[in-house]
Amino acid sequence: MTDLPPLRDVIARHGLSASKALGQNFLFDAQLLARIARIPGDLDGAEVLEIGPGPGGLTRALLAAGASVTAIERDRRCIPALAELGEAYPGKLKVIEGDALTIDPRPLFAGKPHIVANLPYNVGTALLVGWLSAEWLPWWRSLTLMFQREVADRIVASPGTDAYGRLAVLAQWRSTPRIAMPVHRSAFTPPPKVMSAVVHIEPSEAPSGVALAKLEALTAAAFGQRRKMLRQSLRGVPGALAALEAEGIDPTRRAETVSVPEFLALARHLST
C-alpha cells in the first residue's frame, strides 16, 4: 500500500472545508472507506467511476484496492489534493473537473466500470435515476453509492411500506438493490443531520416486453396520487384501466400495495 499522509493533514494543507452548497460531507475513517471499497468485490485491475471525490478519502481506498479510478469533481479547490494522490498512484487516477450531471462518462472507459461514490446529497438521486434509466444492460457493472438513509430505504423498499414508491420500482424492475452497510452521521465531517447508508445495485436482464416509458407513466400516475384508488390515479394513463382488468388487479387497491411484478404486468400490457 502506498504511504500517504493522513487525509486530515492534506485537507489542512490545502485549506479545504466541506461545502454546504455542494452537499459535501467528508469521510476520514480509513477502515470505513476500505469497507466501502470492498462492497463491489475484487477491484484489482477494475475500472471505477467515482463522483465527487472531494479531497480523495474514498479515492485512496479504491486505488489501494487496485482499481483504476476516473473521478469527476466539481469543486476545483479539491483538484490539487487529488493531483497529489494521482502522483502517488501513477497512471491509476484520472481526474475530470466538471459537473457529473452534465458529463457523459461512458467514453472515458474501455469496459464497464463499477460506480462507487459518496454522492453529494443534493445530486445523488438525480444521478441514480439517470443511471437506472440508461440503455439496458447498462454501461456500468455495479453501483455502490452513499445516500441519506431515507433515500436508501426508498430504493430497497417493499410494497406495503411508506417508503415504497417510484424509486423502488425503478431500482428493482431490472436490477437488485440492497443496503450494504449503514453509516452513522458521526462518521462524517461535518456531521449531517441525518443517518446514511451505502446501497449496492447489480443490474440484471430486463423483463421482456416492457417499455420503460410505459412503466414510468404508470408509476408517476399511481404514486403521484398514492392515497387514491388505482381506478382514479390511473384514469389519465391511456389503456391503464383496461390493463388492470386484463391483469386481474383490483382497481380499488392503492399504489403502495402493487408489487413490482404487477407494475411490470401492467406496463407489458400497455407496451404491446
Side-chain angles (χ1 to χ4, degrees), residues 101 115 119 121-140 142-143 145 147-180 182 194-272:
L101 288 172
I115 302 179
L119 289 173
Y121 283 162
N122 53 0
V123 298
T125 303
L127 286 168
L128 175 65
V129 169
W131 292 328
L132 292 175
S133 301
E135 294 180 4
W136 219 259
L137 286 165
W139 57 273
W140 42 268
S142 73
L143 305 174
L145 308 170
F147 289 102
Q148 298 178 52
R149 181 62 194 244
E150 178 187 1
V151 176
D153 287 342
R154 286 168 52 205
I155 293 168
V156 304
S158 300
T161 64
D162 289 341
Y164 183 66
R166 294 177 66 187
L167 191 57
V169 177
L170 180 62
Q172 295 174 33
W173 80 281
R174 54 185 182 180
S175 60
T176 304
R178 65 180 177 90
I179 292 181
V194 296
M195 298 298 188
S196 298
V198 179
V199 175
H200 183 67
I201 300 176
E202 293 188 353
S204 55
E205 291 287 345
S208 62
V210 178
L212 174 59
K214 299 297 184 183
L215 183 63
E216 288 183 327
L218 283 167
T219 57
F223 290 106
Q225 303 179 75
R226 62 185 298 144
R227 297 307 174 199
K228 292 187 176 182
M229 296 178 185
L230 293 173
R231 66 187 179 196
Q232 294 172 293
S233 62
L234 295 182
R235 188 176 299 277
V237 180
L241 298 186
L244 286 173
E245 183 176 0
E247 298 299 330
I249 296 174
D250 185 348
T252 66
R253 290 169 60 186
R254 292 173 171 79
E256 65 262 27
T257 71
V258 181
S259 68
V260 173
E262 287 176 319
F263 271 118
L264 291 177
L266 293 173
R268 185 177 288 111
H269 190 91
L270 298 183
S271 301
T272 54

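Start at 1 with the first residue, then count along the sequence. All of these numbers come straight from a predicted model, not from anything done at the bench.
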Considering residues, nucleotides and ligands other than E247, do more than 12 of their heavy atoms fall under 6.0 Å from its CD?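 Yes, because the 6.0 Å sphere around CD of E247 holds more than 12 heavy atoms from other groups.
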For [X] and [Y], work out which heavy atoms get closest and say how close.
X: T252; Y: M229; answer: O-CG, 3.3 Å
X: L132; Y: A171; answer: CD1-CA, 3.7 Å
X: I201; Y: S175; answer: CG2-OG, 3.6 Å
X: E205; Y: L137; answer: OE2-CD1, 3.6 Å
X: Q148; Y: V194; answer: OE1-CG2, 3.6 Å
X: A240; Y: L218; answer: CB-CD2, 4.1 Å

Can you tell me how far apart [atom1] ([X]) and [atom2] ([Y]) are? Round to the nearest 0.5 Å.
X: Q225; Y: L230; atom1: CD; atom2: CG; answer: 11.0 Å
X: I249; Y: R231; atom1: CD1; atom2: CZ; answer: 15.0 Å
X: R154; Y: R166; atom1: CZ; atom2: CZ; answer: 10.0 Å

[X] vs [Y] side-chain heavy atoms within contact, under 4.5 Å:
X: L241; Y: P251; value: no
X: W131; Y: L145; value: yes
X: R174; Y: P203; value: no
X: L167; Y: L128; value: yes
X: E262; Y: R253; value: yes
X: E256; Y: R227; value: yes

Should the pair F263 and Y164 be assigned to parallel (<30°), tilted (30 to 60°) or perpendicular (>60°) ring geometry?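 Geometry flag for Y164 against F263: tilted rings.
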Keeping [X] on the side-chain end and [Y] on the backbone end, is there a donor-acceptor pair under 3.5 Å?
X: H200; Y: I179; answer: no
X: Q172; Y: I155; answer: yes
X: W136; Y: S204; answer: yes
X: E216; Y: L170; answer: no

Just to verify, what does R149 make a salt bridge (charged side-chain N to carboxylate O under 4.0 Å, His left out) with, not counting sequence neighbours?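 Partners of R149 under the salt bridge (charged side-chain N to carboxylate O under 4.0 Å, His left out) test: D153.
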Side-chain donor-acceptor contacts of residues 264-272 below 3.5 Å, not counting sequence neighbours, with atom names and distances?
residue	atom	partner	partner atom	Å
R268	NE	S208	O	2.8
R268	NH2	S208	O	3.1
S271	OG	A211	N	3.0
S271	OG	A267	O	2.6
T272	OG1	H269	O	2.9

